Number of protein chains: 2
Amino acid sequence: MSRLTRPRLERLMRYYQFLCDQSCPLNSENPVRVVTSAQIAQAMERDQTLVRKDFAAIGITGQPRVGFSAVEVCSAIRRSLGFDGAYPAILIGAGHLGGALLAYPGFHLYGLSIVAAFDRDSSKVGTKVGGCTIKPLGMLKPFIRNQGIELAILTTPADEAQELATRLEESGIRAIWNFTPAKLDVPEKVFVRNEQISLGLAELAYRLKDAGPKRGRESARGTGSKKARK
Amino acid sequence: MSRLTRPRLERLMRYYQFLCDQSCPLNSENPVRVVTSAQIAQAMERDQTLVRKDFAAIGITGQPRVGFSAVEVCSAIRRSLGFDGAYPAILIGAGHLGGALLAYPGFHLYGLSIVAAFDRDSSKVGTKVGGCTIKPLGMLKPFIRNQGIELAILTTPADEAQELATRLEESGIRAIWNFTPAKLDVPEKVFVRNEQISLGLAELAYRLKDAGPKRGRESARGTGSKKARK
DNA sequence: TAGATTGTTAATCGATTAACAATC
DNA sequence: TAGATTGTTAATCGATTAACAATC
């Protein structure tokens with residue numbers, strides 16, 4: 001099974017969100033058991049062939065004339081994206097954004113649990129944010145080592161980011177979810193995913209400026225979403 | 001000048017961030033006046049031809065043997081992305097994430113100023129977050145109308161998002177920056193940019209799972225960043 | 001001038017869509 | 001069976017990179 005590309009990963013994530021929601025008995029009186037690629041495609045505003053290709057890429061097969069089992073698709077996505085092997089993470093920088101992530105209850109769907117939060121500010125240390133007691137930065141390295149943490153979430157000011165990234169890498173962290181605007185310089189072996197929220201402003205400002213009649217709605221981050229054919 | 005694609009918009013944004021930083025006299029003893037496409041390409045880890053193409057797309061011309069004027073590039077990007085026509089925005093949902101955006105000082109670089117914040121919770125109304133006094137939702141429509149606001153930032157819980165989007169659209173909002181996981185159904189004429197932060201987990205979980213030796217570092221949201229050639 | 005850099009055309013690459021055969 | 005839907009190969013589309021001519 002070949003490597004999944006980023007657009008494909010993000011689409012799989014969206015299928016997963018959609019199908020978890022649709023197939024959950026809590027959410028509707030008749031949860032969906034079987035879906036066709038056309039139904040998913042319509043909900044995602046993509047082409048149905050693409051949906052089938054994405055499924056094929058992670059080894060899901062459907063039944064001709066029937067469709068795909070919603071729970072099978074969900075579990076295949078969980079398996080191939082790694083949501084089932086629940087991975088503990090730590091968060092550094094318990095400011096507004098850090099607090100928002102700590103308080104977000106939805107991450108468990110994707111196997112993520114933030115098990116500890118750290119902050120430089122000693123007045124924050126010991127307080128609780130979203131169920132996590134803030135720890136001092138001095139405990140960072142021993143905590144990562146002892147708990148075998150592999151993922152760190154960086155929500156500090158930009159000017160602290162590089163120094164922390166280096167410490168994280170030295171402590172054995174394997175991936176960093178970087179919410180700071182800083183570009184992190186770390187060894188190849190550490191995977192960095194940058195969430196540059198302000199990039200969105202490029203598109204928003206541009207569409208606002210351009211008051212012409214040809215404005216169209218677009219959605220979805222990163223991946224363009226072309227309208228599906230009817 | 002043809003329509004700018006989303007990857008191009010996001011790259012232009014990054015050039016802008018980089019050049020603002022490099023050419024600002026506050027940030028270094030000798031601010032950069034002239035840059036070559038190769039220098040920018042290296043910093044962005046992209047191909048230099050792409051940089052020149054991006055510049056050409058917004059009408060920037062350089063000088064052979066010299067390069068591009070940093071301030072000219074910045075102002076051309078400001079002009080074509082619409083950062084110079086400062087656009088006031090409102091924010092709805094003054095929770096953790098809303099507070100983070102209200103407190104973020106960097107948006108002014110892109111022409112954005114959040115001029116008011118609204119919240120459903122009456123106990124929050126009247127308090128101050130990041131310099132904004134929280135207003136009640138009842139004032140939403142008159143405020144948008146009177147101030148001629150075109151951009152709204154949605155940071156409410158997902159289940160309130162659709163109702164608010166409809167109200168925003170009826171009040172004359174032209175673009176919505178949607179931070180909720182909800183898919184908004186609004187007329188074509190309203191532009192929606194979704195920031196689905198949890199999409200990032202698809203990639204992070206996948207790279208973490210895959211412990212093989214061929215892991216590579218990737219960065220930048222949405223756009224893949226291939227390593228530039230030396 | 002020679003050489004560095006831009007500007008632009010052609011080639012490549014990757015992702016999406018169209019077409020259609022296979023299946024139950 | 002007939003027909004709906006999957007699975008897969010071929011075609012298209014768009015974005016990136018390579019090659020190279022133009023410029024100062």
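Numbers restart at 1 for each chain; the letters A, B, ... are given by sequence-line order, proteins then strands. We use all heavy atoms of the structure for the numbers below, so side chains are in, but hydrogens, waters and symmetry mates are not. None of the values given here were measured: they were computed from a predicted structure.
When all heavy atoms of Pro88(A) and Val115(A) are compared, the closest pair comes out as CB-CG1, 3.8 Å.
The interatomic distance linking Gln48(A) (CD) with dT17(C) (P) rounds to 11 Å, in whole Å. For the pair Leu4(B) CG and dA15(D) P, the interatomic distance rounds to 11 Å; values are reported in whole Å. Atom CG of Asp54(A) and atom P of dT16(C) are 8 Å apart (whole Å). Glu10(B) has its CD atom 16 Å from the C1' atom of dT16(D), to the nearest Å. Between the P atom of dA15(D) and the CG atom of Leu12(B) lies a distance of 13 Å, rounded to the nearest Å. The nearest whole Å value for the distance from the CZ atom in Arg46(A) to the C1' atom in dA18(C) is 16 Å. Atom CZ in Arg6(A) sits about 17 Å away from atom P in dA15(D), given to the nearest Å. Between the CZ atom of Arg8(B) and the P atom of dA15(D) there is a distance of 8 Å, rounded to whole Å.
Residues in residues 30-41 of chain A take part in no salt bridge (charged side-chain N to carboxylate O under 4.0 Å, His left out) pair, two or more places apart or across chains.
Glu10(A) and Tyr15(A) are not linked by any side-chain donor-acceptor pair at a separation below 3.5 angstrom, with hydrogens and angles left out of the test. Looking only at atom types and distance, the side chain of Glu170(A) has no donor-acceptor partner in the side chain of Thr166(A) under 3.5 Å away.
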Please write out each protein N/O paired with an N/O of nucleotides 21-24 of chain C under 3.5 Å, distance rounded to 0.1 Å.
none

(message) Ile92(B) vs Thr155(B), test: side-chain contact (heavy atoms from CB on, under 4.5 Å). Steps then yes/no.
(response) CA-CA 6 Å; Ile92(B) 309 175; Thr155(B) 49; 5.9 Å; no
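The residue among Gly62(B) and Arg52(A) whose nearest nucleotide of DNA chain C is located toward the 5' end is Gly62(B).
Of the listed nucleotides (dA10(D), dT16(D), dT6(D)), dT6(D) has the atom at the smallest distance from the side chain of Thr36(A). Which of dT17(D), dA15(C), dA18(C) sits closest to the side chain of Asp47(A) comes down to dA18(C). For Lys53(B), counting side-chain heavy atoms from C-beta on, the closest listed nucleotide (dA15(C), dG7(D), dT9(C)) is dT9(C). Set against dA15(C), dG7(D), dT16(D), the side chain of Leu50(B) has dT16(D) as its closest nucleotide. Of the candidate nucleotides dT17(D), dT16(C), dA18(C), dA18(C) has the atom lying nearest to any side-chain atom of Thr49(A). Distances were taken from every side-chain heavy atom of Thr5(B) (C-beta onward) to each of dT16(D), dA18(C), dA15(D); the shortest belongs to dA15(D).
Contacts of Phe55(B) with the nucleic acid, taken as non-hydrogen atoms under 4.0 Å apart, are absent.
If one axis is set at each end of the helix from dG3(C)-dC24(D) to dC24(C)-dG3(D) from five pairs, those axes are 0° apart, to 10°.
You'll find the side chain of Val71(A) stays beyond 4.5 Å of the side chain of Leu19(A), heavy atoms only.
Between Phe179(A) and Trp177(A), the ring planes lie tilted relative to each other; the angle falls in the 30° to 60° range. Ring geometry for Phe68(A) versus Phe55(A): interplanar angle over 60°, hence perpendicular rather than tilted (30 to 60°).
Put simply, Ser37(B) has a side-chain N or O that comes within less than 4.0 Å of OP1 or OP2 on dT6(C).
We find that Asp84(A) and Arg78(A) are not joined by a salt bridge, their nearest charged nitrogen and carboxylate oxygen being 4.0 Å or further apart. A salt bridge links Lys189(A) and Glu169(A); the closest N-O separation between the charged side-chain nitrogens and carboxylate oxygens is under 4.0 Å.
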